[in-house]
Amino acid sequence: LRDFPLFEHLDEEYLAEISNLCSERMYSKGESIFFEGDEGDELYLVISGVIQIYQDNHSRDVILSIFREGDYFGEMALLQKERVRSASARTIEKSALCILKKRHFIPLVKSKPEILIGILGTALDRLRDANKLITDLTILDVRTRIARMLLRLTEQHGVPSADGMLIDLKLTHQHLADMTGTARETVTKLLLDLQSEQLIRNDQKKIIVCNMDGLRNILDTI
Ligand code: CMP
């Protein structure tokens, strides 16, 4: 638990206490964790793996966010009385989650205001990201949205590689389509374009951004 920014201020004794209240659960790739509209009584901390938070509109998914180790989710239904899950959660890769029940979580945030302030700060960061996403989806064309999404993924999940920045997530074209509000076929075509312009390349189901400035130029030309 020490590795979770949410708990970084807590002393060892308190961490051990929380750790005793948590249980670990494994999820296979593509497994659902909960659905929008469900009643929620658990908070999820990501130990390993990758999770997508999404809304399902007439069987078209919109991915709101992607979480990985050190992140947490599911706090909204716990902190807002009589509110259900605001979105669905499903694994993108096999994942291990640490689960904290509402009956343990609520006394915890009541006794440690710094945890609540941390949760508020994270919620506001997520609101900022959501604002950016709304603006992107509203005003940018598809090629620009994809360029912007690749840059954002590079910032959040990029690791340096020999010829650029590797986005360290195995995302399908369908995932990218669900993140940019377009069709899978469009993503496939536009990624091929970006590849032939030598801005990106594929490496074992992951994308390497070879030319960050080239991608940024796409944004500057709008
Ligand atoms: P909850 O509503 O309980 O269940 C879905 C969870 O997804 C929610 O709590 C948050 O933890 C998370 N979530 C919902 N919307 C967003 C968003 N726009 N960005 C990041 N995370 C979100």
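Numbering of ligands and ligand atoms starts at 1, following listing order.
Applying the 4.0 Å criterion to heavy atoms of Ala87 picks out, from ligand 1, the atoms 5 (C). Those atoms of ligand 1 that come under 4.0 Å of a heavy atom in Phe34, given as number and element, are 4 (O), 5 (C). Listed by number with element, the atoms of ligand 1 under 4.0 Å from a non-hydrogen atom of Ser86 are 1 (P), 2 (O), 4 (O), 5 (C), 8 (C), 14 (C).
Annotation: cation-pi geometry satisfied between Arg90 and Tyr54 (NZ/CZ under 6.0 angstrom from ring centroid, within 45° of ring axis). Stacking of Arg68 on the aromatic ring of Phe73 is not recorded, the 6.0 Å distance cut-off and the 45° axial limit not both being met. For the pair Lys112 and Tyr14, the cation sits on the ring face: its NZ or CZ lies under 6.0 Å from the ring centre, inside 45° of the axis.
Distances between N or O atoms of Leu64 and those of ligand 1 include no value under 3.5 Å. Not one N or O of Ser65 is nearer than 3.5 Å to an N or O of ligand 1, by distance alone.
Side-chain contact annotation: Ser28 with Glu31, donor-acceptor N/O pair under 3.5 Å present.
Using cut-offs of 30° and 60° on the angle between ring planes, the pair Phe34 and Tyr44 is tilted.
Among Arg128, Arg85, Gln80, the residue whose heavy atom lies nearest to atom 4 (O) of ligand 1 is Arg85. Here atom 21 (N) of ligand 1 lies nearest to Phe67 when heavy atoms of Phe67, Phe73, Tyr72 are compared.
Ligand 1 has no atom lying under 4.0 Å from any heavy atom of Ala89. Residue contacts with ligand 1 include Gly74, since one of its heavy atoms falls under 4.0 Å from the ligand.
Contacts with ligand 1 closer than 4.0 Å are made by side-chain heavy atoms of Arg126 only, the backbone lying farther away. If you look at Arg83 next to ligand 1, there are no close heavy atoms at all, none under 4.0 Å.
No option in Lys102, His104, Arg25 other than Arg25 meets the side-chain hydrogen bond (donor to acceptor under 3.5 Å, both in side chains) test with Glu42. In summary, of the residues considered (Thr180, Thr135, Asp136), a side-chain hydrogen bond (donor to acceptor under 3.5 Å, both in side chains) with Arg148 occurs for Asp136 alone.
Closest to atom 11 (O) of ligand 1 among all protein heavy atoms lies Glu75 OE1, 2.6 Å. Ile53 CG2, 4.1 Å is the protein heavy atom nearest to atom 12 (C) of ligand 1. With hydrogens left out, the protein atom closest to atom 8 (C) of ligand 1 is Met76 SD, 3.6 Å, a heavy atom.
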Assess whether salt bridge (charged side-chain N to carboxylate O under 4.0 Å, His left out) is satisfied between Asp178 and Arg60, documenting all intermediate values.
CA-CA 8 Å; Asp178 295 342; Arg60 264 195 71 175; 5.7 Å; no

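Interatomic distance, OG of Ser95 versus CD1 of Ile47, reported as 10.0 Å (0.5 Å rounding).
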